[in-house]
Amino acid sequence: MTSAPRLRRLTSPKDLIEAGLAEPARLAELEAVADRYAIALTPALAALIDPGDPADPIARQFVPSPRELIRDPAERDDPIGDDAMSPVKGLVHRYPDRVLIKLAAVCAVYCRFCFRRERVGPGAGALSAAEFAAALDYVRERPGIWEVIFTGGDPLTLAPRRIAEATEALAAIAHVKVMRWHTRLPVAAPEQVTRAMARALKAEGKTTVVAVHANHPRELTENARAACRRLAAEGAMLVSQSVLLKGVNDDEDTLADLMRAFVEAGVKPYYLHHGDLAPGTAHWRTSIAKGQDLMRGLRARLSGLATPAYMLDIPGGRGKVPIGPQWIRGAGAGEHVVTDPRGVEHVYADRLGAGR
Ligand code: SF4
């Protein structure tokens, strides 16, 4: 059996400078950020960067900025309130029918806007066997848990053997019907998404979902698309996750191309996240009004198949809600005003028959 080639990543300011992705004069400011937040960029994503473009949307996502050390008063170490909803280490139980299990706290790449940036990094490690066993007990004792979401960090950074152990352990719990894996690996290191890994995610009689994180259409390379196809070939349902990022994808053309690229790779556009209030990420966020305008524009250009939901994770662990534009408003007397995808309003009469 052949194993996947080893990742050779850029993991320090010096690496980024030697690769021509940052000016040598920036060494001190990059090191100041690196002291606080991890750096990693894989060869697959580094190869997409145009070093001559100071606004390159791939470089922007992975090369640190000194603005990361500026904290807005509204920002929080734990922006989506994982800690408050964590009854056992590594498990978050926010909604009645599903839990998150943070299997690994490391990632193949470290995104500069990461919502768990205070929790992920090379020193953070994976759940120990005893901690995973405690998380399993928690799930086993609660028949209402229908779905388990493996996240991190990036759980697909684990070896296929470890992934298979987690899959098999959860598959043995009858009331768990769905296992979902959140990952950036298909774009960050597509060669690591082997058939063995794809098989390790699958359990007989259960539904496997892989949520693929990408933010710019250039990330969906031929290799990334092939990685997605390997996952689908072993039976995984693929959905997308993206973050609305200023200077990366906050324009209609880029978002439309990104969503079409997902569909072409066999990935259903699922969530476009509004940027969370993670420390030092204010320079990434657009306003919600701008996000809604972009979604309005996408609706006019894309089919429902290619349209994601625009989502906000309410700070403090209160849950995720769609915050897209409104298409309908009440007009009284059983009538509504509905806006069509071109922005033209129409009256809709909400007529009901008598009886049941
Ligand atoms: S891959 Fe996900 S968890 Fe890892 S740094 Fe990027 S956003 Fe954070």
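Indexing begins at 1, ligand by ligand and atom by atom, following the structure's order.
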Taking backbone and side chain together, does Cys111 place any N/O/S atom at a distance below 2.8 Å from atom 6 (Fe) of ligand 1? yes
Test of ring centre spacing under 6.0 Å for His93 and Tyr138: yes
List the steps and the verdict of salt bridge (charged side-chain N to carboxylate O under 4.0 Å, His left out) for Arg218 and Asp56. CA-CA 11 Å; Arg218 268 170 36 204; Asp56 184 278; 2.8 Å; yes
Quick one: does Thr183 get a heavy atom under 4.0 Å from ligand 1? no
Atom CZ of residue position Arg71 - does it have more than 12 heavy atoms of other residues, nucleotides or ligands inside 6.0 Å? yes
Look only at the side chain of Thr208 and the backbone of Leu201, and say whether a donor-acceptor pair between them is shorter than 3.5 Å. yes
Can any side-chain N or O of Arg117 pair as donor or acceptor with the backbone N or O of Arg112 at less than 3.5 Å? yes
With a 4.0 Å heavy-atom cut-off (strictly under), which part of Asp154 contacts ligand 1: side chain, backbone, both or neither? neither
[atom]: which protein heavy atom is closest, and how many Å away?
{"atom": "atom 2 (Fe) of ligand 1", "result": "His213 ND1, 4.1 Å"}
{"atom": "atom 1 (S) of ligand 1", "result": "Arg184 CD, 3.6 Å"}
{"atom": "atom 8 (Fe) of ligand 1", "result": "Cys114 SG, 2.3 Å"}

Atoms of ligand 1 less than 4.0 Å from Cys107 heavy atoms? 1 (S), 3 (S), 4 (Fe), 5 (S)
Determine, for Arg119 against Asp77, whether the closest basic-nitrogen to carboxylate-oxygen distance falls under 4.0 angstrom. no
